Amino acid sequence: MKKGQEIQVRVEKLAYGGQGIARFENQVIFIEGGIPGDFALARIQKIKQNYLQARLVKVIEPSPLRQDAPCRHFGFCGGCKWQNLDYSQQLLFKREQVIESLQHIADVSAEVVHQTLPSPFIFGYRNKMEFSFTANRWLLPEELAQPEVKKGYALGLHVPDFFDRVMHIEKCWLQDDTMNDILKFAQEYFNDQRFSIFNLRSHKGLLRFLVIRKSFSPNQYMVNVVTFQPAFEALAEFARKLAVKFSNIASIINTVNPRYAQIAFGEEEHLLHGKPVITEKIGPFEFDISANSFFQTNSLQAENLYRTVRDYVGSGHQLILDLYSGTGTIALFLSSQAVRVVGFELIEGALQDAYENCQRNKIKNCEFIAGEIRQTVLTLNEQPEVIVCDPPRGGMHPEVVKELLRIHPEKIIYVSCNPTTMARDVKMLLPLYRLKEVQPVDMFPHTYHIELVVKLERM
Ligand code: SAH
């Protein structure tokens, strides 16, 4: 087998990460863009010890699972790689991937994993989108052939794997029509010599990102222009015109990121119109979301996720711990299930939001402990009946898992966005716990990302 060689293969299944898997002469081949059932021509790009990496050159016989992707940027934008895969199949594949990660652990059978809970909306489901400004637009192949399309300015999304390549986005299917209209308005407004664009190499220029947020209930929008320097005067007219055109924009903000790292996070915040927050209702609770707050990106499905956690936790408890509590959403949802809920969180700002969320919803039985969980959990000398944990992608530190084993609560409910690290951590818990149920929840239609809730009971 050589690099550049072209081979014909049948794609068999999907790998975690979204690539197709095929076999050729007993070698495993990962094929970007391959859908199970495709008979395809693939070109070998990399030869590794245990597998080959290939690119899809041509689909010779398309899989019956294929469908046309509605987005014209599909295949170039990395946002939603599975738009060409039927939604019911996406749900099946997500469940299969959870089963596969768990099967590496002894005695975990597929029956404990429920069907993936579908997202209420499969398009327009996101409550937040970040678009980047560029002065050096990356053109799609079809645009290269259109002389009227100019390089230069664009406000859009990144080409995957290239931090400095941004393509113009006409319509993003993951956001709703109003968000697309706001994007279009901003694209046209900022196409003007008065505004400079931040350059990643020279570190000069002003505009960096346009972040649009939405709450579903009530239907409100927030627009945040992230700049390299404060720009509230330069943006005053934009804010005025935008607010006139879109009556349900409740907040227009300028946040400033004076650092070189290209992230849409502002250290300084200037209010240009309305209020500094928008409000989202999830179940019976209301949450204020500010420009920098973390919030689950699929609001409607977040409610289903938190309900699943609450069902698994059960009621009538004295004490529940919520590890990696963030802005306290899970703790609030569990406040009716116990006398007390104690959250543990590293970031001070998130902790403050958590207390404010409790106050706003008149919840008095939640408290939050600041700090690195490895240290803070050790300080606890009370016995909780249930521990809920929702760690970041990397999972839990082994010392934290050991601490859970030492505390030995009746139930552990593990919320995860990464089946691989979840399986690793659950394996450490299995000597003392039985895995009762797993509920995959689809928070991110058309992407390979999986969210899941695991219920473990003490043996
Ligand atoms: N449960 C929350 C958010 C979870 S995101 C929700 O549903 O909204 C994971 C959280 O873990 C983040 O807020 C992050 O700041 C926190 N975190 C990450 N590592 C941590 C650590 N070592 N100690 C404490 N908190 C940590």
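As the structure is a computational prediction, the values presented were derived from the model and not from experiment.
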Pair up each side-chain donor or acceptor in residues 260-277 with any protein partner under 3.5 Å, not counting sequence neighbours, and list the distances.
from	atom 1	to	atom 2	distance (Å)
Gln262	OE1	Arg208	NE	3.1
Gln262	OE1	Arg208	NH2	2.8
Glu267	OE2	Arg259	NE	2.3
Glu267	OE2	Arg259	NH2	3.1
Glu268	OE2	His270	NE2	2.8

Contacts of Glu437 meeting salt bridge (charged side-chain N to carboxylate O under 4.0 Å, His left out) (sequence neighbours excluded), chain-then-number -> Lys455
Ignoring hydrogens and geometry beyond distance, is a side-chain donor-acceptor pair present between Ser299 and Glu280 at under 3.5 Å? yes
Do the charged groups of Glu382 and Arg340 touch, with an N to O distance under 4.0 Å? yes
Would you list the pairs meeting ring pair (Phe, Tyr, Trp, His ring centres under 6.0 Å) in which at least one residue belongs to residues 210-230, sequence neighbours left out? Phe198-Phe228
Can you name the residues that form a ring-ring contact (aromatic ring centres under 6.0 Å, His included) with Phe344, not counting sequence neighbours? none
Rounded to the nearest 0.5 Å, what separation is found between the CG atom of Asn180 and the CE atom of Met129? 8.5 Å
Residues in side chain to side chain contact (heavy atoms under 4.5 Å, CB included) with Ala354, at least two apart? Phe368
Who are the side chain to side chain contact (heavy atoms under 4.5 Å, CB included) partners of Thr420, not counting sequence neighbours? Tyr16, Asn418
Residues pairing under salt bridge (Lys or Arg N to Asp or Glu O under 4.0 Å) where one sits in residues 166-189, two or more places apart or in two chains, turn out to be Arg72-Glu170, Asp176-Lys214, Lys184-Glu188
Please list all pairs passing the salt bridge (Lys or Arg N to Asp or Glu O under 4.0 Å) test where one or both residues lie in residues 284-305, with sequence neighbours left out. Glu286-Arg360, Asp288-Arg360, Glu303-Arg307
Crowding at CD, Glu233 (>12 non-hydrogen neighbours, <6.0 Å): no
Near Phe121 CZ, under 6.0 Å, is it more than 12 heavy atoms from other residues, nucleotides or ligands? no
With the side chain counted from C-beta on, respond yes when Phe295 and Ile282 share a heavy-atom pair under 4.5 Å apart, and no when they do not. yes
Within-4.5 Å side-chain heavy-atom neighbours: Pro409 and Glu385: no
Just jot down the salt bridge (charged side-chain N to carboxylate O under 4.0 Å, His left out) partners of Lys81, sequence neighbours excluded, or say none. Glu32
Residues forming a ring-ring contact (aromatic ring centres under 6.0 Å, His included) with Tyr87, sequence neighbours excluded: none
Distance-only donor-acceptor hits, side chain of residues 150-157, under 3.5 Å, sequence neighbours excluded:
from	atom 1	to	atom 2	distance (Å)
Lys151	NZ	Asn136	OD1	3.2
Tyr153	OH	Gln187	O	2.8

When rounded to the nearest 0.5 angstrom, what is the spacing between CZ in Arg43 and CD1 in Ile31? 13.0 Å
Which residue pairs pass the salt bridge (Lys or Arg N to Asp or Glu O under 4.0 Å) test with at least one member in residues 112-129, sequence neighbours excluded? Lys128-Glu130
Can you tell me if CD on Glu148 sees more than 12 non-hydrogen neighbours from other groups inside 6.0 Å? yes
